[in-house]
Amino acid sequence: MKVPFLDIRIQNEDLQMEIMPAIEQVIQSGAFAGGSFVEQFEKDFADYCGTSHALGVSSGTDALWLTLVARDVGPGDEVITVPSTFMATAEAISKSGARPVFVDIDERTYNMDPEQLEKAITKRTKAIIPVHLCGQPADMDPILAIAAKHGITVVEDACQAHGAEYKGRKAGSLADAGCFSFYPGKNLGAFGEAGAVVTNDEDMFEKIRILRDHGQIRKYHHVMIGWNCRMDGIQGAVLRVKLRHLEERNQRRRLWAAHYDRMLAHCDAVITPSVPPWIQHAYHLYVIRVANRDAMIRGLSERGIGTGIHYPVPVHLQEAYRGLGYCKGSFPCAEKCAEEFISLPMFAELTAAQVHAVADAVSELADSTTVGKSNYPVAVN
Ligand SMILES: *Cc1c(COP(=O)(O)O)cnc(C)c1O
């Protein structure tokens with residue numbers, strides 16, 4: 001059975017009847033850059049996240065960068081994040097002028113390890129960006145406690161975590177600001193590029209509102225040097241329609257994840273996601289770990305099953321960051337995971353038959369000797 005890793009076309013086909021009239025309204029009104037359709041979406045998205053404000057911007061990358069600029073992060077400062085993320089998290093730090101500092105991830109949740117965080121803080125640390133990788137919120141309570149002790153800003157990279165929850169609160173609403181991407185393949189995807197910042201902080205809100213529109217307080221009156229990071233009106237209109245379906249779609253993802261969990265539980269060679277009970281995972285990605293990842297991917301591909309790797313090279317080992325002075329061995333857990341991760345097909349519109357076909361193929365391949373069990377050594381103190 002053919003199972004694609006992701007099929008965004010089906011999702012948009014289902015919603016076409018609702019989306020097309022929304023786009024037509026934008027065309028008729030002419031509110032293409034920012035404007036009322038973006039404002040309506042912002043209101044709905046802030047309500048959804050449980051924050052007082054949401055700001056539509058041009059991408060998740062810009063959302064991250066804007067939060068740092070709003071807190072005057074710049075040259076000479078350090079911002080701590082994890083190496084197991086998409087490049088954009090670190091790029092936003094570099095673009096602000098600050099230096100990215102990485103800390104290793106927790107072996108079970110693949111998110112920032114709070115113990116490593118504490119050790120990495122220096123006088124120069126200005127902000128911390130935990131990443132809710134795959135749609136699983138990082139362990140925010142200890143991270144926020146450490147940040148509060150040192151008076152450091154915390155910005156959530158929630159670009160993979162639309163609708164995820166940590167102890168009953170939505171990802172993005174837990175720290176000084178939360179950043180979202182609406183890249184088409186995300187749980188809430190636009191018809192192009194878009195992103196948002198959500199916050200309860202009035203100062204953060206006011207600054208980003210001005211920064212995203214060339215630092216203007218009113219037309220042609222510029223109080224700071226900003227940039228053009230506005231959201232398109234069409235994206236606002238499309239996202240507002242799609243937001244109404246996000247919860248139901250995330251529930252489908254959770255259902256498929258539960259099927260994968262159950263069907264792979266007996267499989268010793270496969271490590272499935274470990275989700276603490278206080279977390280509602282958004283399953284942007286369903287990631288397993290196996291020792292011989294390439295053999296597994298090849299086997300699945302021969303059976304018509306698509307997979308992904310998120311991400312094959314941890315950020316501290318990217319060529320672009322050679323200058324930071326990290327090397328192989330700097331972050332053993334992140335490096336091991338980058339070798340073992342496989343993302344299985346995960347989207348709301350999968351069918352039970354497809355999910356079972358994938359799980360059957362994974363178990364079958366895992367039982368063959370070529371795949372083998374992860375041998376990441378548990379740290380001995
Ligand atoms: C997608 C993503 C981003 C960047 O978002 P864009 O909208 O593509 O700029 C940042 N961080 C993470 C973890 C992401 O998955």
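In listed order, ligands and their atoms are each counted from 1.
- Evaluation of the ring-ring contact (aromatic ring centres under 6.0 Å, His included) test over residues 229-258, restricted to residues two or more places apart or in two chains, returns Trp256-His259.
- Applying the side chain to side chain contact (heavy atoms under 4.5 Å, CB included) test to Asp44 and every residue at least two apart in sequence or in another chain returns Arg240, Leu243.
- Electrostatic pairing of Glu107 and Lys336 does not count as a salt bridge here, judged by no charged N lying under 4.0 Å from a carboxylate O.
- Annotation: side-chain hydrogen bond (donor to acceptor under 3.5 Å, both in side chains) contacts involving residues 27-38, sequence neighbours excluded, are absent.
- A donor atom on one side chain and an acceptor atom on the other are found under 3.5 Å apart for Asp261 and Tyr286.
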Between ligand 1 and the protein, give all atom pairs where both partners are nitrogen or oxygen and the distance is under 3.5 Å, as lines of names plus distance to 0.1 Å.
unit_1, atom_1, unit_2, atom_2, d
ligand 1, 5 (O), Ser181, OG, 3.2
ligand 1, 7 (O), Gly60, N, 2.8
ligand 1, 7 (O), Ser181, OG, 2.6
ligand 1, 9 (O), Gly60, N, 3.3
ligand 1, 9 (O), Thr61, N, 2.9
ligand 1, 9 (O), Thr61, OG1, 2.4
ligand 1, 11 (N), Asp157, OD1, 3.4
ligand 1, 11 (N), Asp157, OD2, 2.8
ligand 1, 15 (O), Gln160, NE2, 2.9
ligand 1, 15 (O), Lys186, NZ, 3.0

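- Under the 6.0 Å distance and 45° angle rule, Lys170 counts as a cation-pi partner of Tyr48.
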